[in-house]
2 protein chains.
Amino acid sequence: MVQPATNVALSHSAHDHDACIADALTRADALCRQRGLRLTAIRRRVLELIWANHQPTKAYDLLAQINAERGNAAPPTVYRALDFLLDAGLIHKIESQNAFIGCAVDHDRNQPKFFICRTCGRAAEIQSSQIDDVIANEAEEAGFVVDHQTIEVDGLCAACAAALKS
Amino acid sequence: MVQPATNVALSHSAHDHDACIADALTRADALCRQRGLRLTAIRRRVLELIWANHQPTKAYDLLAQINAERGNAAPPTVYRALDFLLDAGLIHKIESQNAFIGCAVDHDRNQPKFFICRTCGRAAEIQSSQIDDVIANEAEEAGFVVDHQTIEVDGLCAACAAALKS
DNA sequence: CTCCTTAATGTTATATGATAACGATACCGC
DNA sequence: GCGGTATCGTTATCATATAACATTAAGGAG
Ligand SMILES: [Zn+2]
Ligand SMILES: [Zn+2]
Ligand SMILES: [Zn+2]
Ligand SMILES: [Zn+2]
């Protein structure tokens with residue numbers, strides 16, 4: 001039986017997630033060095049905490065964790081780090097959840113889009129130039145100049161759907 | 001010169017907006033009668049206030065207006081009305097703005113999608129089976145079962161883009 | 001190395017968005 | 001009219017996010 005191709009973020013099979021985290025931090029270091037941005041200790045730690053799993057993370061959960069570690073942190077501490085990471089394109093905000101997730105995608109030409117499982121909570125950033133193209137076409141027809149997209153598809157990932165059927 | 005086809009919601013030309021409001025309320029009455037739902041005074045008034053213009057409306061702005069009219073209204077008053085209207089499909093939530101907008105679309109087969117102008121603030125619900133189809137395809141390939149979509153495209157409407165260029 | 005400017009962080013307070021819980025009313029079928 | 005259920009009123013509280021200003025750290029010019 002052939003399994004459908006699926007994003008590692010949505011897969012329920014074990015994967016080397018430590019590698020996900022390490023890769024993300026390596027990429028972040030490289031990107032910041034390259035652009036002259038400063039990935040300070042707090043910013044780096046927030047990014048690392050966000051990458052702790054493939055589920056969107058809430059700002060106040062980050063705050064609680066940072067506080068457990070260093071005792072001093074107020075909301076602005078976390079929100080400023082989040083703003084930096086958002087601006088740098090290292091994370092995205094999941095608007096439908098007021099939560100944040102790491103980005104492992106090259107956004108040269110495509111905009112962020114997510115499949116989000118309502119059962120396991122995992123969110124996978126998908127790359128589909130088709131979706132971008134269709135939206136670009138629709139926008140073109142309407143004379144609308146696209147600046148930013150929020151595309152969040154909620155539902156059941158393959159594994160959770162299979163589990164429900166059994 | 002040919003104007004691009006555009007949604008009345010994004011058009012800056014005057015239109016009979018009283019008719020927009022009247023239509024929306026008429027449709028709401030019909031739909032609720034048909035389904036045995038009760039469009040009570042508060043719910044109807046909240047819907048009417050949301051339709052006051054083609055820009056997403058914030059819950060606490062609704063609250064302030066209701067309060068100005070009847071003096072007694074707490075957040076639950078408005079949020080309960082909003083929940084009802086959302087469930088009935090009479091309004092949608094614009095997740096990226098924590099705001100609400102009226103729906104004038106038949107959602108038999110297509111999911112809500114919006115173009116939102118960052119300059120004039122108008123939001124237009126667009127109907128594009130193409131976008132739904134492409135997303136359905138992508139989901140199919142990933143074995144993902146789609147439940148609900150959040151599609152919000154931010155940018156400049158034709159009129160605002162033209163104004164900026166001049 | 002020191003001074004200076006700017007970026008980043010600490011700190012307090014507050015704004016904004018949403019829900020829990022429970023009692024009081026209003027509606028509807030019988 | 002009676003009784004059950006949906007709606008609404010009311011109070012309190014939780015959750016999300018930012019304003020404002022003081023303090024500290026980083027990095028460049030001389
Ligand atoms: Zn992983
Ligand atoms: Zn991304
Ligand atoms: Zn109108
Ligand atoms: Zn709609």
Side-chain angles (χ1 to χ4, degrees), chain A residues 28-29 32-50 55-88 90-101 121 150 152, chain B residues 28-29 31-47 49-50 55-88 90-101 121 150 152:
Chain A
D29 285 327
C32 289
R33 195 164 337 105
Q34 185 184 330
R35 295 200 218 158
L37 300 175
R38 289 170 53 196
L39 191 63
T40 62
I42 298 178
R43 292 167 177 176
R44 200 166 192 279
R45 183 61 181 141
V46 166
L47 180 61
E48 193 176 16
L49 288 171
I50 287 175
Q55 298 163 341
T57 309
K58 300 254 177 188
Y60 274 71
D61 289 345
L62 293 168
L63 179 57
Q65 292 177 83
I66 298 277
N67 253 328
E69 291 173 7
R70 358 189 323 168
N72 68 328
T77 305
V78 157
Y79 279 102
R80 286 195 281 232
L82 290 171
D83 285 343
F84 171 86
L85 296 169
L86 285 168
D87 285 347
L90 293 167
I91 63 173
H92 297 296
K93 182 172 186 182
I94 303 295
E95 297 286 356
S96 58
Q97 298 187 3
N98 294 320
F100 303 85
I101 193 153
T150 301
E152 298 168 12
Chain B
D29 285 329
L31 180 143
C32 289
R33 196 166 333 107
Q34 184 185 332
R35 295 200 217 159
L37 302 173
R38 289 170 52 196
L39 191 64
T40 62
I42 298 177
R43 292 167 176 174
R44 199 167 194 281
R45 182 60 180 141
V46 166
L47 180 60
L49 288 171
I50 287 175
Q55 298 164 342
T57 308
K58 301 257 178 187
Y60 274 71
D61 288 345
L62 293 167
L63 179 56
Q65 290 177 84
I66 299 278
N67 253 328
E69 293 171 7
R70 357 189 321 167
N72 68 326
T77 305
V78 157
Y79 280 102
R80 286 195 282 232
L82 290 171
D83 286 343
F84 171 86
L85 296 169
L86 286 168
D87 286 348
L90 292 168
I91 62 172
H92 298 295
K93 182 173 184 182
I94 301 296
E95 297 285 356
S96 58
Q97 297 187 2
N98 295 320
F100 302 85
I101 194 154
T150 301
E152 299 168 10

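Chain naming here is simple, since letters A, B, ... match the order of the sequence lines and numbering starts at 1 in each.
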- [ ] Specify the closest pair of heavy atoms between L49(A) and L62(A), including all atoms of both residues, with the distance to one decimal.
- [x]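 Distance-wise, the nearest heavy atoms are CB-CD2, 3.6 Å.
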- [ ] Check L39(B) against C32(B) and note the closest heavy-atom contact, atom names and distance.
- [x] CB-SG, 3.9 Å
Side-chain touch [X]/[Y], heavy atoms, less than 4.5 angstrom:
X: L63(A); Y: K58(A); answer: no
X: V46(B); Y: F84(B); answer: no
X: E95(B); Y: Q97(A); answer: no
X: R43(B); Y: L90(B); answer: no
X: F100(B); Y: I94(B); answer: no
X: I42(B); Y: R70(B); answer: yes
X: D29(B); Y: R44(B); answer: yes

Open item on the list: Is it the case that the side chains of E152(A) and S96(A) hold a donor-acceptor pair, with the cut-off being a distance below 3.5 Å and no angle test?
Closed with: yes
TODO: With a 4.0 Å heavy-atom cut-off, tell me which residues in residues 32-43 of chain B come close to DNA chain C, sorted by residue number.
DONE: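 Of all residues in residues 32-43 of chain B, the ones placing a heavy atom under 4.0 Å from DNA chain C are R38(B).
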Task: Residues in contact with DNA chain C, drawn from residues 58-71 of chain A - heavy-atom cutoff 4.0 Å - done: R70(A)
TODO: Answer yes or no: does a side-chain N or O of N98(A) lie under 4.0 Å from OP1 or OP2 of dT16(D)?
DONE: no
Open item on the list: Under 4.0 Å from OP1 or OP2 of dA17(D): is there any side-chain N or O of K93(A) that close?
Closed with: yes
Gap separating the [atom1] atom of [X] from the [atom2] atom of [Y], nearest 0.5 angstrom:
X: T40(B); Y: R45(B); atom1: OG1; atom2: CZ; answer: 13.0 Å
X: D87(A); Y: L82(A); atom1: CG; atom2: CG; answer: 11.0 Å
X: L85(B); Y: L47(B); atom1: CG; atom2: CG; answer: 5.5 Å
X: D61(B); Y: I66(B); atom1: CG; atom2: CD1; answer: 12.0 Å

Extract from the structure each pairing of a protein N or O with an N or O of nucleotides 19-21 of chain D at less than 3.5 Å, listing the distance.
none

Task: Whole angstrom value for the distance that separates P of dT5(D) from CZ of F84(B) - done: 20 Å
- [ ] Quickly work out the N72(A) CG to dA25(D) P distance and round it to whole Å.
- [x] 12 Å
Task: 5' to 3' contact window, DNA chain C with chain B (heavy-atom distance under 4.0 Å) - done: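 Extent of the interface on DNA chain C: dG17(C) to dC27(C).
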- [ ] Return one dot-bracket line describing DNA chain D 5' to 3' (Watson-Crick or G-U wobble pairs, both distances under 3.5 Å; ( ) same strand, [ ] crossing, | another strand, . none).
- [x] ||||||||||||||||||||||||||||||
Per-pair distances, 0.1 Å, donor-acceptor, side chain in residues 74-81 of chain B, under 3.5 Å, sequence neighbours excluded:
residue, atom, partner, partner atom, Å
T77(B), OG1, A74(B), N, 3.2
T77(B), OG1, A74(B), O, 3.2

